[in-house]
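This report concerns only the one structure given below.
Proteins get letters first, then strands, A, B, ... in listed order; numbering begins at 1 in each.
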Number of protein chains: 2
Amino acid sequence: MNEEDLLVTTGEKLRKIFKKHNLKVTPQRVVIYKELIRSKEHPSATVIFDRIKRAFPNISFDTVNRTLLTFAELGLIKAVEGSGEPKRFDPNTAIHHHFICVRCGKIVDFKCDEFDKLQIPNEIKDRFNVLGHKVIVEGICDECSKNIKNKK
Amino acid sequence: MNEEDLLVTTGEKLRKIFKKHNLKVTPQRVVIYKELIRSKEHPSATVIFDRIKRAFPNISFDTVNRTLLTFAELGLIKAVEGSGEPKRFDPNTAIHHHFICVRCGKIVDFKCDEFDKLQIPNEIKDRFNVLGHKVIVEGICDECSKNIKNKK
DNA sequence: ATAAGTGCAAAACATTTGCAATATA
DNA sequence: TATATTGCAAATGTTTTGCACTTAT
C-alpha cells in the first residue's frame, strides 16, 4: 500500500468514526493518526509532534496532544497503562496483580495463584531477559460507578 | 502493633538492607518508608510528602522524591508500571500484551491466546466493572543487555 | 453560517540538578 | 572526622487552560 492509499484509507476510517460523534475530520487529525499507526513503539505526544512537524511545520504541540486525547476518549486508540501520571510507588515487591480504575486511577492489589504461574511465550522469553510479570485488570471502580449513576 | 513498635520494626528492616549497601538510616527515610507501607493506594511522592509534612514540617519534597527512587533502586519498593513517564499511545485496541524494558522503557506488543482467555478472580469481578485485562512482562530488552555488557 | 478545531502564550505541575549546610556512622 | 544525605533554589520538561482566529460541514 503506497502513501496515497494509506492517507485515503486512514481518512475514510476516521471519517466514519468521527461522523458518529459529530466531530470534524481535519488534516491534522489524519496526519496524527497516520503517524501513530506507522510508529510501532507506542510514542508520546512529543514524539509524534517531532515527527510530523517536519512535513507540517505549522502544527502545534497542543493540537497533537489534544487530538491524541480525543482519539483515546473515542476508543480509537489507548493510553499505555499507567503512563501520564506522576510516578507511584508500591511497597509490595512480592508477585501480585493490579486492578486499575480507568476513571480515577485507583489501584487495588490482588493475589491469584493462576496468574502467578503464567508461562511467558518463547517469542518473548528467548529474546529478552525476563524479570517478572503481572496481570493488569482495567475497569471502573465501585466509587466511580456510584458517581456516574448519581450524576444522571 | 502500636506506632512505636512499627517505627522500631521499620527501622530494623531498613537498617539491615541499608547496611548491605553502605547507606545511612536517617529519620526521613524511616518516616517515608513507614508512610508508604501504611498507605494502601500506591501513592506518589507528592502524596507521601503532603502526609508526612504535618508531622515533619522541615522535610523537603526532594528528600521524599529521592528517597523513594533510592528505595526503588534497592528493590525495597517498586514503581507502578508505566507511571512517571509521559503519556504514551497505542493504536492497537485489540487485546494484546506488553513486554516492557525496565531500563529504556521500550514496549513490545505480543499476542498470546492463553493470556487472552484468563479468568478474572471473583474477588475483582464481583466488586468492579471489569472492562479488560492484559499481561505486563517486565525485563531487560536485547539492546539494553548489549549496552550493559559493553560497558564492562 | 456556525459550531468545532487550531495555534499561541501563559500557568500549573512534576521532576531533576548543583551546591552549601548538616547529620550519620 | 569523613562521607552520605538533606534542603533549597533554579532549571527542565510535561500538561493544561483561556482565548482569538480559522476551518469543516
Side-chain angles (χ1 to χ4, degrees), chain A residues 7 10-33 35 42-74 76 79-80 82-89 105, chain B residues 7 10-12 14-33 35 42-53 55-74 76 79-80 82-89 105:
Chain A
L7 183 57
T10 306
E12 288 310 316
K13 180 168 182 183
L14 289 185
R15 205 169 303 282
K16 274 189 192 170
I17 296 175
F18 276 47
K19 187 163 285 178
K20 242 194 329 202
H21 294 271
N22 284 323
L23 298 178
K24 293 172 182 172
V25 179
T26 64
Q28 290 92 333
R29 285 174 171 169
V30 173
V31 169
I32 292 165
Y33 187 64
E35 183 57 45
H42 311 74
S44 65
T46 306
V47 172
I48 297 268
F49 174 63
D50 288 342
R51 283 185 192 155
I52 62 186
K53 79 176 164 196
R54 291 176 217 149
F56 302 81
N58 286 331
I59 204 167
S60 76
F61 170 77
D62 292 289
T63 298
V64 175
N65 192 42
R66 269 183 286 121
T67 298
L68 288 167
L69 294 174
T70 302
F71 287 168
E73 269 174 32
L74 299 184
L76 193 59
V80 170
S83 67
E85 34 174 330
K87 196 166 251 156
R88 295 170 65 172
F89 299 91
Chain B
L7 182 59
T10 305
E12 287 312 315
L14 289 184
R15 204 168 304 281
K16 274 189 192 171
I17 296 174
F18 277 46
K19 187 163 281 178
K20 243 196 327 207
H21 295 270
N22 284 323
L23 298 178
K24 293 171 182 172
V25 179
T26 64
Q28 289 92 334
R29 284 174 171 167
V30 173
V31 169
I32 292 165
Y33 187 63
E35 183 57 44
H42 310 76
S44 64
T46 306
V47 172
I48 298 268
F49 174 62
D50 287 342
R51 284 183 192 157
I52 62 186
K53 79 173 165 200
F56 301 82
N58 287 331
I59 203 166
S60 76
F61 170 77
D62 292 291
T63 298
V64 175
N65 192 44
R66 270 182 286 121
T67 298
L68 288 166
L69 294 174
T70 302
F71 285 168
E73 269 173 32
L74 299 185
L76 194 58
V80 170
S83 68
E85 33 174 331
K87 197 166 250 156
R88 295 170 66 173
F89 298 92

Would you mind reporting whether L23(A) and R29(A) have side-chain heavy atoms less than 4.5 Å apart? yes
Here the distance between atom C1' of dT16(D) and atom NZ of K87(B), to the nearest Å, is 11 Å
Heavy-atom side-chain contact between L69(B) and K87(A) under 4.5 Å: yes
So, do D62(B) and F49(B) sit near enough that their side-chain heavy atoms are less than 4.5 Å apart? no
Between dG5(C) (P) and N65(A) (CG): distance, integer Å: 15 Å
From the list I48(A), T26(A), L14(A), side-chain contact (heavy atoms from CB on, under 4.5 Å) partner of I32(A) resolves to I48(A)
Any side-chain N or O of Q28(A) less than 4.0 Å from the OP1 or OP2 oxygen of dT23(D)? no
Under-3.5 Å N/O pairs linking protein and nucleotides 9-12 of chain C:
unit_1: dA9(C); atom_1: N6; unit_2: D62(A); atom_2: OD2; d: 3.3

Between C1' on dG7(C) and NZ on K53(A), what's the gap in Å once rounded to a whole number? 14 Å
Rounded distance (Å) that lies between atom P of dG7(D) and atom CD1 of I52(B): 9 Å
Within a reach of under 6.0 Å around NZ of K53(A), are more than 12 heavy atoms found that belong to other residues, nucleotides or ligands? yes
Would you say dG7(C) has OP1 or OP2 under 4.0 Å from some side-chain N or O of S60(A)? yes
H21(B) NE2 - dT3(D) C1' separation (whole Å): 18 Å
In whole angstrom, what separates I59(B)'s CD1 from dT5(D)'s P? 14 Å
To the side chain of P86(B), which of dT16(C), dT15(D), dA4(D) is closest? dT15(D)
How would you label the contact of N58(B) with the nucleic acid (heavy atoms, under 4.0 Å): base, sugar-phosphate, or nothing? sugar-phosphate
Could you tell me whether L68(B) contacts a base, only the sugar-phosphate backbone, or nothing, with contacts defined as non-hydrogen atoms closer than 4.0 Å? nothing
In whole angstroms, the gap separating C1' of dA25(C) from CG of L14(B) amounts to 16 Å
With a 4.5 Å limit on heavy-atom distance, are the side chains of L76(A) and F18(A) in contact? yes
Which whole-number value in Å describes the distance from K19(B) NZ to dT3(D) P? 19 Å
Note: for R66(A) and A45(B) on DNA chain C, the residue whose nearest nucleotide lies more 5' is R66(A)
Just the table, please: protein N/O against nucleotides 22-24 of chain C N/O, every pair under 3.5 Å.
unit_1: dT24(C); atom_1: O2; unit_2: K24(B); atom_2: NZ; d: 2.7

